[in-house]
Structure formats: structure tokens, C-alpha cells
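Notes to accompany the following structure.
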Amino acid sequence: MLPLFQAYPRLKAKLPYVSLAELPTPVHKLHKLEKSLNAEQLYIKRDDLSGLIYGGNKIRKLEFLLGDVLNQKSKRVLTFGFAGSNHALATAIYAHSLGIRTTSMLMPQMNAQYVRRNLLMSHYYEADIHQHQTQLTLLINTAYQLLHYTLKEGRIPYIIAPGGSSPLGAIAYVNAAFELKEQILQGHIPEPDFIYLPLGTMGTAVGLVLGLKAVGLKTKVIAVLVVEAQFANEKKMVKLFNHTNSLLHSLDSTFPILKMTENDVLIRQEFFGEEYARFTKLGMKAITQMDNQENIQLDGTYTGKAFAALIHDINQEDIKDQVILFWNTYNSRSLPFAGEDFHQLPQSFHHYFVDKVQPLDQEELLVTLKEVNFSD
Ligand SMILES: *Cc1c(COP(=O)(O)O)cnc(C)c1O
């Protein structure tokens, strides 16, 4: 049973939930990185292993969101993201496993290998994907799709917020903090001084901050911005924190009302780079270091930037002796490659497969290097 439900049985009775994830996710030391970074206590939380088909942070949120979809007997969800969205893919995969269809309303982004893979995989899991050039066309087509499917399927699709970061979705990371507390009590990790993680639609960071407070941990969350600051900032975090807290308190009045303060979380903007999903040199360096030393694969859009912040801060010496936990939010399961052909995708996505990926996308660099060697 989820540790949140053990602590608050009334929440178990009232919250929608469907078990999809492999929990608890392991937490362990990064011995080799500890040595090379000259840090004393560096740990990783393996949310990359959270799902058997597709891990990462989205599956935890989907346990609550798709639980709600099942309760409401909806047959289709409609969600949002950028073209390479891990959230849209996770939704397609796990909704499919429950017999629920997915419609994804997507926006353009920087090209990368993972964008191609995620699009092909969404298609493989029978998601209906659409790309829009502007917010306005996205809005208009969303209204159209809702109407279309309501008439066609006799039910209005269930709307899932971008990144799954509604108050209901964020509760998954409140639970994750309870899970961490158990792992501390079991001696797998001392109480962390800091948790490093990427900050996107904020559900992960906000849920954790709320959960850490609720279980009485003094850990500070270092939230590394990976989207434009207009989408993720302190004001928005406080709002999501309060909404999530109210929801929990309204379902179980013994769940305390808490307040997010500046001791709880710090937003770091310096590792964002130029734009969402544009990889940075520091991020790529951090990814290489994690891969070479620990054989764990991070990504250029989210976790690479967060890990770059962690490395930077450790090199500044003042936190070398602290307990630092890197919360890995990126899937590390290899996806079944079904040999899908991109021509089966809507035309608006074809350019991702025809155009080059961004220069810092390493996989592409490696392939290019190999090709050079061969032709030589
Ligand atoms: C979505 C995502 C995040 C951001 O989490 P939010 O809850 O949206 O802030 C971080 N890492 C990865 C790999 C993601 O896919």
C-alpha cells in the first residue's frame, strides 16, 4: 500500500488511484561520482525505474489521474505538451494498458532524437497526436477535438493538465516524499539536506515539497528550471502547493495545512540555457559524467540540466559534506522499437524526421562520427 495511504487511511478511501508503477523506487549511493566529485554523501532516487514499460516521473502522477479516469468511466483522455513530451508518451502507454484512448495536443519544440522516438512510440500506442503552431490554434483545435470525440464516442474526453501537474497529479509526489521517509527509516539513506530535480510543470517539485513538510523532513528542494520562467516560478509553485494541500485537507481533515517558505525550495535559473529542450554544454557534460561513471542515462531537456546544477554546486565546495539526493525523473527503460514509419504520423510532424536534430544531441553526434569513420 502507498505510504501516504498508510499514514492517512481516509485518503485511500477517497482518492482515485490505479496501481501502475513499481514502487518504492530504489535509492542508492553514487559511489564513483562521489569519489570523482569529492563529495561525501551523494545519492540517487531511481524514478527512472518507476515503470516496467516506461519509467520516469509521469507514471506516478498517472496512477492518480488515470484512477480518476476509470472512476469517471471516461474512454479517452486529452492532454497537452511539446512534441517530444515524455508526459504525452507516458499517458499514451499507460492509458492504453487500461483500454483508454489518448489524444495529445502538442506544440513545436527544438528537434532531438528523443522527439522522434517519443512521437513514433505515441503512435505505436495508438495515441491520436496533433501539432499546433500557436496557442490560439491549439485552443481552437482542442475545443474541436472535445466536441468531435464527445459526438463520436458519446462521452467528453477527460482532460489531463500539461505534465499531469494538477493538484491530483501532484499528490503522487506527496506520496513519494512519504516513500523517501520510509527509506530513511529503513536506513537506505540519511535524511537529505538537498534534493536536486528539474522544474517543468512543477507537480514533481511541489508535491515533494509538500510531502517533505508533511512527514517532517527538513530537506530543501533545489528546483532547476528547464522551461521559460513564465511557466514555472515561485508564485505558481505556491499556488499549486496550496491547491494540492487544500485537496488533501478537504479529503482528510487530519492532513495538516502547511505553508511553503523559502527554506523549503530554491528555484535555480542559471542552467536553463537559451530555451526549452535546447541542450546546454554543461548539461551534456553532466550527462556524460553520469553515463561514464554510473552507467545511468540522463536527458538533455530535463535531468542533464538538473544534474549540471548539482555538479556546479558541489564544485563550489560549501555543500561537499552534505547529504545530496539527485531525484532522477527520466525514464531509463528501453522502449520496444516497432520499426514504425514516420510517414504514418500526421504531416505536421514529418519535419522532425527530415530536419537535423540540434548539434548538441549526442546520439546524433555519435552516429555522425561513426559514419565518418566508415566512409574513411
Ligand atoms: C516532465 C519531466 C520533468 C518535469 O517534471 P514536472 O513535474 O513537470 O515539473 C522532469 N524530468 C523529466 C524527464 C520529465 O519528463
Side-chain angles (χ1 to χ4, degrees), residues 25 44-51 54-65 79-94 104 106-107 109 112 114-115 117-118 121-122 160-177 195-211 221-229 231-234 236-237 239-241 243-244 265 267-269 271-272 276-277 279 283 286-287 290 296-310 326-333 335:
T25 57
I44 187 167
K45 178 72 167 153
R46 301 293 304 270
D47 271 16
D48 54 304
L49 301 173
S50 58
Y54 190 67
N57 62 343
K58 301 306 182 308
I59 185 175
R60 285 186 187 264
K61 302 171 182 180
L62 289 167
E63 290 195 308
F64 290 85
L65 298 166
T79 196
F80 308 91
F82 290 103
S85 171
N86 299 319
H87 162 70
L89 175 57
T91 303
I93 291 173
Y94 291 106
S104 293
L106 305 172
M107 295 281 288
Q109 69 161 91
Y114 81 90
V115 177
R117 190 202 55 211
N118 284 7
M121 278 295 116
S122 275
I160 295 182
S165 288
S166 60
L168 182 61
I171 286 175
Y173 273 88
V174 176
N175 174 69
I195 290 175
Y196 280 76
L197 85 183
L199 182 69
T201 58
M202 307 179 296
T204 307
V206 165
L208 266 182
V209 171
L210 176 54
V221 171
I222 310 297
V224 182
L225 192 72
V226 301
V227 296
E228 308 285 342
F231 299 116
N233 51 55
E234 197 185 310
K236 292 203 161 176
M237 283 185 86
K239 198 170 153 195
L240 182 57
F241 180 99
H243 283 166
T244 309
V265 58
I267 299 177
R268 297 289 294 277
Q269 307 207 354
F271 300 90
F272 174 52
Y276 171 77
F279 301 173
I287 291 172
M290 179 70 94
I296 296 172
Q297 279 73 50
L298 304 181
D299 76 297
T301 298
Y302 295 97
T303 47
K305 290 177 180 178
F307 195 56
L310 183 154
F326 180 68
W327 201 295
N328 188 8
T329 51
Y330 185 58
N331 167 59
S332 67
R333 305 275 185 205
L335 286 160

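Residues: numbered from 1 along the sequence shown. Whatever order the structure lists ligands and atoms in, that order sets their numbers, starting from 1.
- Within the listing of ligand 1, atoms 13 (C) sit less than 4.0 angstrom from a heavy atom of Y330.
- Looking at heavy atoms from C-beta onward, N86 lies in side-chain contact with Y330 at the 4.5 angstrom threshold.
- Within 6.0 Å of CD on E234 lie no more than 12 heavy atoms contributed by other residues, nucleotides or ligands.
- Annotation for ligand 1: atoms under 4.0 Å from non-hydrogen atoms of K61 are 6 (P), 7 (O), 8 (O).
- The heavy atom nearest to atom 1 (C) of ligand 1, considering only H87, K58, R60, is found in K58.
- In terms of polar-atom proximity, defined here as any N/O pair under 3.5 Å, P198 makes no such contact with ligand 1.
- Atoms of ligand 1 lying under 4.0 Å from at least one heavy atom of T204, given by number and element, are 5 (O), 6 (P), 7 (O).
- At a 4.0 Å heavy-atom cut-off, ligand 1 touches S165 through the side chain alone.
- The closest non-hydrogen atom to atom 13 (C) of ligand 1, taken over T329, L197, N118, N328, comes from T329.
- At a 4.0 Å heavy-atom cut-off, ligand 1 touches N86 through the side chain alone.
- Tested against K45, the residues T25, N328, T329 include a single side chain to side chain donor-acceptor pair (under 3.5 Å) partner, T25.
- Within the 4.5 Å cutoff, the side chain of T204 has heavy atoms near those of the K61 side chain.
- Note on ring orientation: taking the six-membered ring where Trp is involved, the planes of F279 and Y114 are parallel (angle under 30°, cut-offs 30° and 60°).
- Between M202 and ligand 1, at least one pair of N/O atoms sits closer than 3.5 Å.
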For residues 167-174, dump all side-chain donor-acceptor pairs below 3.5 Å to protein atoms at least two apart in sequence or in another chain.
residue	atom	partner	partner atom	Å
Y173	OH	D47	OD2	2.6

Run the side chain to side chain donor-acceptor pair (under 3.5 Å) test on T91 and K58 for me, step by step, so that the C-alpha distance in whole Å, both residues' side-chain angles and the decisive distance to 0.1 Å come before the verdict. CA-CA 8 Å; T91 303; K58 301 306 182 308; over 6 Å; no

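- Between T201 and ligand 1, a contact under 3.5 Å exists for at least one N or O pair.
- Side-chain contact between M237 and V221: absent, with no pair of heavy atoms (C-beta onward) separated by less than 4.5 Å.
- Among all protein heavy atoms, the one lying closest to atom 5 (O) of ligand 1 is N57 ND2, 2.9 Å.
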